[in-house]
Amino acid sequence: LDTSGNAHDLDDSSQPQAMRAARMALGMCGILTRVQLPVTPEFHLRRRRWRVDDMDAFLDQQLPQLKQQYDRFHWYLHPETSSSWPMYWEPATAEESAAEGRTCRTAAEQWEDAQEKEFGVDGLPLIMRWDNCSDISSRSLTHAVDMEQQPLWNGEYYVSLGDAGEAHATREILKGFQAVAESRGLAKPSKHLWLHVRYVGGDTSSLLNPCYGHATCAAFELALTAPAMDAMLPPWEEWAAYYGAMEKVLRGLNGRPHHAKYYTPEAPLQPGFGLPVGQFMQACRQFDPQRLLRNERFDAVFQAGTGAEASGAAVAM
């Protein structure tokens, strides 16, 4: 709805620029009254996780094959033990899920169980539990909530690499973790440090394109966890040192941070994504020709924060 009271029905095919502006919005592109989202009926998934102790064999041989074999694939790396933990989802029928007899746990069930003990029945901390199950998609995909439930420091970087580049980056990150541990007088990195790698696709029409213009990329997510739900977080300085070691490697490979999880003082420059500021403001004029949704104070802060007048850089959230 624009500020003259006119309704606009936008989609990517007929009005792509307006859609990109509406996704960025910032309160400047009219009033969103209705959003149509694509939905998929519930389906069943089987979730599997196992341990691999030969890290070199995993990185060089198994990882490239697993990435090709499974559409939904993640893996963890435990720096202290150098063990890898691949995990995948695959389709299952309702009958197969029922026959397996191991339902996936909801976030609430995970949280309740974590109140009682530090480790699960498989001896793993919360961040790595309950992966071997089969259930409807809304439950089988609650895996990511494991990390959100446990107190932790968490940061993430997106980088587009081939298989060999990814293996090399992982080994360099591990070297950095080892250097941090030794600088703190430890023989190995903290046992509460976990590296999680998942694979995502880019949405080139969206401001929030996680791959910064690439079609696909790897998300390197680092977590330093508390030892239990009621325990104190590890020291900030320890977390910052480990995250800095990972960041040094991935920034050198043109990686970019997940800005909602970014913890270091200086954010790297971002390549253009979304709409450049000038195009964004121009697209918004059709929804707010009277400038009712903007004022001089907003313009001053907005332009100062983005360098809009000087560089025409893309809007950064």
Side-chain angles (χ1 to χ4, degrees), residues 49 51-53 55-56 58-59 63 74-87 114 118-119 124-129 143-161 165-200 210 217-268:
R49 178 256 300 139
R51 174 172 178 158
V52 179
D53 288 321
M55 187 187 68
D56 289 331
F58 173 74
L59 291 176
L63 179 58
H74 297 214
W75 59 280
Y76 284 91
L77 181 64
H78 190 219
E80 186 205 28
T81 60
S82 295
S83 58
S84 304
W85 297 81
M87 183 182 69
E118 177 179 349
F119 297 99
L124 291 171
L126 180 60
I127 195 174
M128 287 292 296
R129 285 155 66 180
H143 153 78
V145 183
D146 297 359
M147 292 181 61
E148 297 167 6
Q149 294 294 341
Q150 187 168 9
L152 52 78
W153 300 117
N154 176 242
E156 190 168 10
Y157 250 76
Y158 298 107
V159 62
S160 184
L161 300 168
E166 185 178 343
H168 173 74
T170 303
R171 290 184 172 100
E172 291 300 307
I173 290 170
L174 284 175
K175 290 179 184 178
F177 291 164
Q178 183 62 32
V180 169
E182 292 175 359
S183 72
R184 301 179 64 83
L186 303 172
K188 294 182 178 181
S190 169
K191 71 175 183 178
H192 303 299
L193 187 70
W194 291 88
L195 178 63
H196 171 217
V197 182
R198 59 193 175 90
Y199 303 93
V200 295
C217 59
F220 281 72
E221 184 178 29
L222 187 66
L224 183 61
T225 72
M229 289 293 290
D230 57 354
M232 295 293 292
L233 281 168
W236 168 266
E237 294 76 13
E238 181 182 5
W239 156 250
Y242 283 122
Y243 184 71
M246 183 183 81
E247 181 178 53
K248 181 179 179 180
V249 173
L250 296 181
R251 284 185 67 172
L253 296 169
N254 298 315
R256 295 291 184 270
H258 184 320
H259 282 276
K261 303 178 180 178
Y262 199 67
Y263 296 124
T264 51
E266 298 179 0

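Worth saying up front: this structure is predicted, and the values here are computed from it rather than measured. Residue indices begin at 1 and follow the sequence shown.
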Next on the checklist: Tell me the closest heavy-atom pair linking Leu253 and Val159, and the distance in Å.
Outcome noted: O-CG2, 3.6 Å
Next on the checklist: Measuring from atom OG of Ser84 to atom CZ of Arg51, what distance do you get when rounded to the nearest 0.5 angstrom?
Outcome noted: 9.5 Å
Next on the checklist: Just so I know, are the side chains of Leu152 and Trp239 near enough to count as touching, which here means a heavy-atom distance under 4.5 Å?
Outcome noted: no
Checklist entry - In Å, rounded to the nearest 0.5 Å, how long is the span from CE of Met55 to CZ of Arg171? => result 5.5 Å
Next on the checklist: With rounding to the nearest 0.5 angstrom, report the CZ to CE distance, Phe220 to Met246.
Outcome noted: 8.5 Å
Next on the checklist: Minimum heavy-atom separation for Pro79 and Leu193, please, with both atom names.
Outcome noted: CD-O, 3.1 Å
Item to check | Distance, nearest 0.5 Å, that separates NZ of Lys188 from OG1 of Thr81 | outcome: 7.5 Å
Item to check | Distance-minimising heavy-atom pair for Pro189 and Ala181 | outcome: N-CB, 3.5 Å
Next on the checklist: Between Asn154 (side chain only) and Leu224 (backbone N and O only), is there a donor and an acceptor less than 3.5 Å apart?
Outcome noted: no
Checklist entry - Which distance, rounded to the nearest 0.5 Å, do you find between the CD of Glu80 and the CH2 of Trp194? => result 9.5 Å
Checklist entry - Centres of the Phe58 and Trp75 rings: under 6.0 Å? => result yes
Next on the checklist: I'd like to know if Glu156 and Arg198 make a salt bridge, using a cut-off of under 4.0 Å between side-chain N and carboxylate O.
Outcome noted: yes
Checklist entry - Does a side-chain heavy-atom distance below 4.5 Å link Glu172 with Lys175? => result yes
Checklist outcome for this item: CG (Leu250) and CG (Leu161) are apart, to the nearest 0.5 Å, by 7.5 Å
Item to check | Pairwise side-chain contact, Trp153 with Tyr242, heavy-atom cut-off 4.5 Å (strictly under) | outcome: no
Next on the checklist: Checking the side chain of Gln178 only, and the main-chain atoms of Ile173 only, is there a donor and an acceptor separated by less than 3.5 Å?
Outcome noted: no
Item to check | Derivation and outcome, side chain to side chain contact (heavy atoms under 4.5 Å, CB included), residues Leu222 and Phe177 | outcome: CA-CA 11 Å; Leu222 187 66; Phe177 291 164; 3.5 Å; yes
